[in-house]
Amino acid sequence: MKSKYIMYGIAAIVLVTMIWILGDTFTQPGIKDLQGHYEEVAMYRNENNTGPVLRVYAVYTADTLWEDMEAYGQFMPHTKYGNTKVFFFSDPKHIPTEVFPEPPHFDPKLQPYCVAKYEKSSMGETHFLRFPYQ
């Protein structure tokens with residue numbers, strides 16, 4: 001009889017632990033939790049899976065919430081020894097619809113409309129640059 005209670009106790013502990021793990025898994029913060037509106041307009045990823053992977057994104061944002069823009073960049077995929085670059089644009093009429101692997105990564109005529117750039121380098125270093133409005 002005593003071993004039956006021990007088994008119920010162990011089962012209860014396992015069940016509570018599983019519920020806790022699942023709860024944490026499904027409540028992780030993400031892009032949808034940011035205050036601003038973000039829309040990925042263009043994306044480039046090279047097909048190199050064995051070496052450095054380059055990802056370049058052009059993103060529309062209605063607001064210039066700098067901390068949220070940086071958080072958006074941190075939520076973007078990154079590969080070890082790869083490079084991820086996110087360019088933010090606040091004018092919906094002047095956003096690149098195509099990005100390229102070579103710098104400046106989009107049509108230079110659109111550079112004045114780029115409000116910020118987030119970059120995560122191959123060694124995991126992050127840089128967030130704000131550009132002045134022109």
Side-chain angles (χ1 to χ4, degrees):
M1 191 68 157
K2 190 175 183 179
S3 65
K4 189 175 186 180
Y5 289 120
I6 291 174
M7 291 303 287
Y8 285 142
I10 292 172
I13 291 171
V14 169
L15 183 64
V16 168
T17 304
M18 292 296 289
I19 291 171
W20 181 28
I21 290 171
L22 288 172
D24 277 355
T25 300
F26 291 112
T27 58
Q28 292 293 313
I31 291 173
K32 64 183 176 286
D33 297 322
L34 299 175
Q35 291 179 358
H37 169 73
Y38 298 94
E39 181 181 340
E40 183 181 312
V41 179
M43 186 261 189
Y44 170 82
R45 182 196 186 278
N46 65 343
E47 297 187 20
N48 189 359
N49 289 326
T50 58
V53 174
L54 174 65
R55 290 181 172 91
V56 181
Y57 298 91
V59 175
Y60 167 71
T61 177
D63 300 314
T64 53
L65 303 169
W66 304 117
E67 287 98 18
D68 280 358
M69 291 168 125
E70 187 171 2
Y72 182 93
Q74 292 170 355
F75 283 129
M76 298 307 282
H78 181 73
T79 306
K80 185 177 180 181
Y81 302 121
N83 195 314
T84 300
K85 296 179 182 184
V86 183
F87 296 93
F88 295 95
F89 296 84
S90 63
D91 186 352
K93 297 176 185 168
H94 297 97
I95 300 174
T97 56
E98 188 175 11
V99 289
F100 311 103
E102 302 84 24
H105 302 292
F106 54 89
D107 187 354
K109 291 185 283 188
L110 298 173
Q111 184 65 41
Y113 304 101
C114 183
V115 295
K117 172 187 171 187
Y118 173 87
E119 181 174 2
K120 189 166 190 177
S121 71
S122 59
M123 298 307 288
E125 299 167 336
T126 62
H127 303 283
F128 183 71
L129 301 170
R130 295 186 246 179
F131 300 122
Y133 286 102
Q134 297 180 355

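Heavy-atom basis, side chains included; hydrogens, waters and symmetry copies ignored.
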Should we say atom OH of Y81 is surrounded by more than 12 heavy atoms from elsewhere, each under 6.0 Å from it?
no

What is the minimum heavy-atom distance between F131 and Q111, and which atoms define it?
CE1-NE2, 4.3 Å

Please name all residues satisfying side-chain hydrogen bond (donor to acceptor under 3.5 Å, both in side chains) with K120, sequence neighbours left out, ordered by chain then number.
none

Answer with yes or no whether the hydrophobic clustering places Y57 together with F100; edges join I, L, V, M, F, W, Y residues whose side-chain heavy atoms lie under 4.5 Å apart.
no

Of all the heavy-atom pairs spanning A42 and P96, show the shortest one and how long it is.
CB-O, 3.6 Å

In sequence, state the C-alpha distance, the side-chain angles, and the governing distance for I95 and E39, and then conclude on side chain to side chain contact (heavy atoms under 4.5 Å, CB included).
CA-CA 11 Å; I95 300 174; E39 181 181 340; over 6 Å; no

Kindly assign one of parallel, tilted or perpendicular to the pair H105 and F87, based on the angle between their ring planes and the thresholds 30° and 60°.
tilted

Okay, side chain of T84, backbone of P77: is any donor-acceptor separation there less than 3.5 Å?
yes

CZ-CH2 distance between R130 and W66, expressed to the nearest 0.5 angstrom
6.0 Å

Determine the minimum heavy-atom distance between G73 and F88, stating which atoms define it.
N-CZ, 4.5 Å

Between I10 and M18, is there a shared hydrophobic cluster once you connect ILVMFWY residues whose side-chain heavy atoms come closer than 4.5 Å?
yes

Could you label the plane-to-plane angle of the Y118 and F128 rings as parallel, tilted or perpendicular, counting under 30° as parallel and over 60° as perpendicular?
tilted

Which residue, L22, I21, L15, V16, forms the side-chain contact (heavy atoms from CB on, under 4.5 Å) with I19?
L15

Are Y60 and L110 grouped together when hydrophobic residues (ILVMFWY) are joined by side-chain heavy atoms under 4.5 angstrom apart?
yes

Evaluation steps, side chain to side chain contact (heavy atoms under 4.5 Å, CB included), between D68 and Y72:
CA-CA 6 Å; D68 280 358; Y72 182 93; over 6 Å; no

So, do E40 and M76 sit near enough that their side-chain heavy atoms are less than 4.5 Å apart?
yes

Which heavy atom of N83 sits nearest a heavy atom of S121, and at what distance?
ND2-CA, 4.2 Å

Single-linkage hydrophobic cluster, 4.5 Å side-chain cutoff, M69 and V86 together:
yes

For R45, give me all partners under side-chain hydrogen bond (donor to acceptor under 3.5 Å, both in side chains), at least two apart in sequence or on another chain.
N49

Heavy-atom donor-acceptor pair, D63 side chain to G36 backbone, under 3.5 Å:
no

Working for side chain to side chain contact (heavy atoms under 4.5 Å, CB included), residues Y44 and L54
CA-CA 8 Å; Y44 170 82; L54 174 65; 4.2 Å; yes

F106 and F89 aromatic centres sub-6.0 Å:
yes

Minimum heavy-atom distance between N46 and V53, given as atom pair plus value:
OD1-CA, 3.4 Å

Are Y38 and V99 connected, step by step, through hydrophobic side chains (Ile, Leu, Val, Met, Phe, Trp, Tyr) whose heavy atoms are closer than 4.5 Å?
no

Report yes or no: do T79 and R55 form a side-chain donor-acceptor pair below 3.5 Å?
yes

